[in-house]
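Data first, discussion second: the structure below is written as structure tokens.
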Amino acid sequence: MLGKTRDFFQRVYARNSIDGHGMRLDGYVHYGYEFANAFWDGRQMVFGDGDGRIFSDLTGSISVIAHELGHGVTEHTAGLEYHNQSGALNESMSDVFGAMVEQWTLGQTAEQADWLIGREVFTPQIEADALRSMKAPGHAWNTEKFGKDPQPDHMSKYLNMPDTYEGDWGGVHYNSGIPNKAFYLTAATIGGYSWEAPGLIWYEALKASNSETRFQEFADTTYRKAGELYETGSAEQMAVLGAWQEVGISITGVSAGLARARNRAAGQNGDALATVRALTAQVQELSRDVAALKGRVTTGR
């Protein structure tokens, strides 16, 4: 699976390993005793065998493996500091990479994929879908043992947690649900393969980020990159705009009123994806009308 991840970055984004310079990927298995985790330590991948009660062998999930290697990509690209919003973006980028590598390996479109991270890590006796759901943050699990998945999917639910180990360094694994949902909505609205337009936009935005980038800055950068890659007002840029607005982040300099330019039916049924698609279509129609008007003014008609 390390090879699949390396192949993904090479073939899709022409990146030579996770550092861009051919870094060797080392993975170590059977770490510790009943170690129920996997991690990237800055140099290598480490996998535990799981405790056999809650978690199974961590090498069984390609999304988890690609997630951890994704931390290496972020480390060598933007160096997002691992706390608060920059840390949540760090975690989110790893989920984005994890989902894309899995979907690329399976040949799945955004519509076909389930957008679950680590669906394989729980043992059969644990009734949980996965570690996280990018499509529906906060709904990956709801069990008697663990309670309900606490990930927020909107800025109004943002969790202000202590910037300590006990507080998950400001909730990096929790608040990542917000940008995760934005990426899912972007990919689902554009359609096709997530690693194409949506993934390229996010990847280019990551390369333009720095260690202290927060949600607002990253959202603005994805919007700008979408315009640079696919033209201002394109379906891709409008999908990015609508996705961030749907999770409570308005793009700087773009009227927040656009978030209310929704198809009435979509607004009534609360379907976030339908809302973003309706917003995208309406803004594109408005752009065409403005262009036509400018043409008439220019020609004197």
Side-chain angles (χ1 to χ4, degrees), residues 1-2 4-5 8-9 12 18 27 36-40 45-48 50 54-75 80 82 87-124 126-143 146-153 159 168-169 171-188 193-195 198-199 202-203 206 243 247 272-273:
M1 296 305 182
L2 273 68
K4 288 288 187 183
T5 303
F8 170 84
F9 282 107
V12 177
I18 62 174
N37 207 343
F39 61 89
W40 165 258
M45 275 293 306
V46 177
F47 302 95
I54 298 173
F55 292 102
S56 58
D57 183 358
L58 275 297
T59 62
S61 174
I62 188 171
S63 60
V64 168
I65 293 171
H67 169 103
E68 299 301 343
L69 289 173
H71 282 305
V73 174
T74 295
E75 176 184 329
L80 290 165
Y82 201 68
L89 276 174
N90 194 319
E91 277 297 323
S92 178
M93 283 305 310
S94 278
D95 278 352
V96 167
F97 289 139
M100 291 196 301
V101 170
E102 179 176 74
Q103 292 169 26
W104 179 76
T105 300
L106 298 176
Q108 293 179 329
T109 64
E111 184 177 8
Q112 292 169 335
D114 60 18
W115 294 91
L116 296 175
I117 303 297
R119 82 179 63 72
E120 306 89 349
V121 302
F122 289 109
T123 59
I126 302 297
E127 295 183 2
D129 293 333
L131 292 172
R132 289 177 296 281
S133 170
M134 298 181 69
K135 181 177 182 178
H139 295 83
W141 37 267
N142 187 1
T143 70
F146 302 122
K148 187 179 184 300
D149 177 2
Q151 268 206 319
D153 61 358
L159 298 174
D168 189 37
W169 304 114
V172 298
H173 289 93
Y174 297 90
N175 293 315
S176 59
I178 297 169
N180 274 2
K181 182 67 175 284
F183 181 77
Y184 159 73
L185 288 172
T186 298
Y193 296 117
S194 65
W195 60 86
W202 251 245
Y203 180 55
L206 177 67
V247 299
L273 179 56

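From a predicted model like this one, the values you see are computed outputs, not experimental measurements.
Heavy atoms only, all atoms of each residue included: Pro137 and Gly177 are closest at CG-O, 3.3 Å. The two residues Gly107 and Gln112 come nearest to each other via the heavy atoms O-OE1, 3.8 Å. Between Ser61 and Gly118, the closest heavy-atom pair is OG-CA, 3.6 Å. Scanning both residues, Ala130 and Leu116, for their nearest heavy atoms gives CB-CB, 3.8 Å. Looking at every heavy atom in both residues, Pro150 comes nearest to Trp141 through CD-CH2, 3.5 Å.
With sequence neighbours excluded, the residues satisfying salt bridge (Lys or Arg N to Asp or Glu O under 4.0 Å) with Glu102 are Arg119.
In this structure, Pro179 and Leu89 have side chains that are in contact, with non-hydrogen atoms separated by less than 4.5 Å. The shortest distance between side-chain heavy atoms of Asp95 and Phe183 does not fall below 4.5 Å. In this structure, Leu206 and Leu80 have side chains that are in contact, with non-hydrogen atoms separated by less than 4.5 Å. No side-chain heavy atom of Val172 sits less than 4.5 Å from a side-chain heavy atom of Asn90.
Lys135 contributes no side-chain N or O that, together with a main-chain N or O of Asp114, makes up a donor-acceptor pair within less than 3.5 Å. Without hydrogens or angle criteria, Thr105 side chain to Val101 main chain gives a donor-acceptor distance under 3.5 Å. Judged by distance alone, the side chain of Ser94 and the main-chain N or O of Glu68 form no donor-acceptor pair under 3.5 Å.
For Asp149 and His139, the side-chain atoms include no donor-acceptor pair closer than 3.5 Å. Judged purely by distance below 3.5 Å, without hydrogens or angles, the side chains of Glu91 and His71 pair a donor atom with an acceptor atom.
Of the inter-residue distances, the one linking Ile18 atom CD1 with Glu75 atom CD reads 7.5 Å to the nearest 0.5 angstrom. Expressed to the nearest 0.5 Å, how far CE of Met100 lies from OG1 of Thr5 amounts to 11.0 Å. Going from atom CG of Asp129 over to atom CD1 of Ile117 covers 13.0 Å, rounded to the nearest 0.5 Å. Taking OG of Ser194 as the reference point, atom CH2 of Trp202 lies at 11.5 Å (rounded to 0.5 Å).
Just one of Met134, Lys181, Gln151 meets the side-chain contact (heavy atoms from CB on, under 4.5 Å) condition when paired with Ser176; it is Gln151.
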* Asked: Step by step, would you call Leu106 with Ile62 a side chain to side chain contact (heavy atoms under 4.5 Å, CB included)?
  -> CA-CA 11 Å; Leu106 298 176; Ile62 188 171; over 6 Å; no
* Under the side chain to side chain contact (heavy atoms under 4.5 Å, CB included) rule, what do Tyr193 and Gln103 come out as? Steps first, then yes or no, please. => CA-CA 8 Å; Tyr193 296 117; Gln103 292 169 26; over 6 Å; no
* To do: Check the pair Asn175, Asp168 against side chain to side chain contact (heavy atoms under 4.5 Å, CB included), reporting the backbone distance first and the verdict last.
  => CA-CA 10 Å; Asn175 293 315; Asp168 189 37; over 6 Å; no
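Here Phe97 and Phe8 keep their ring centres 6.0 angstrom or further from each other.
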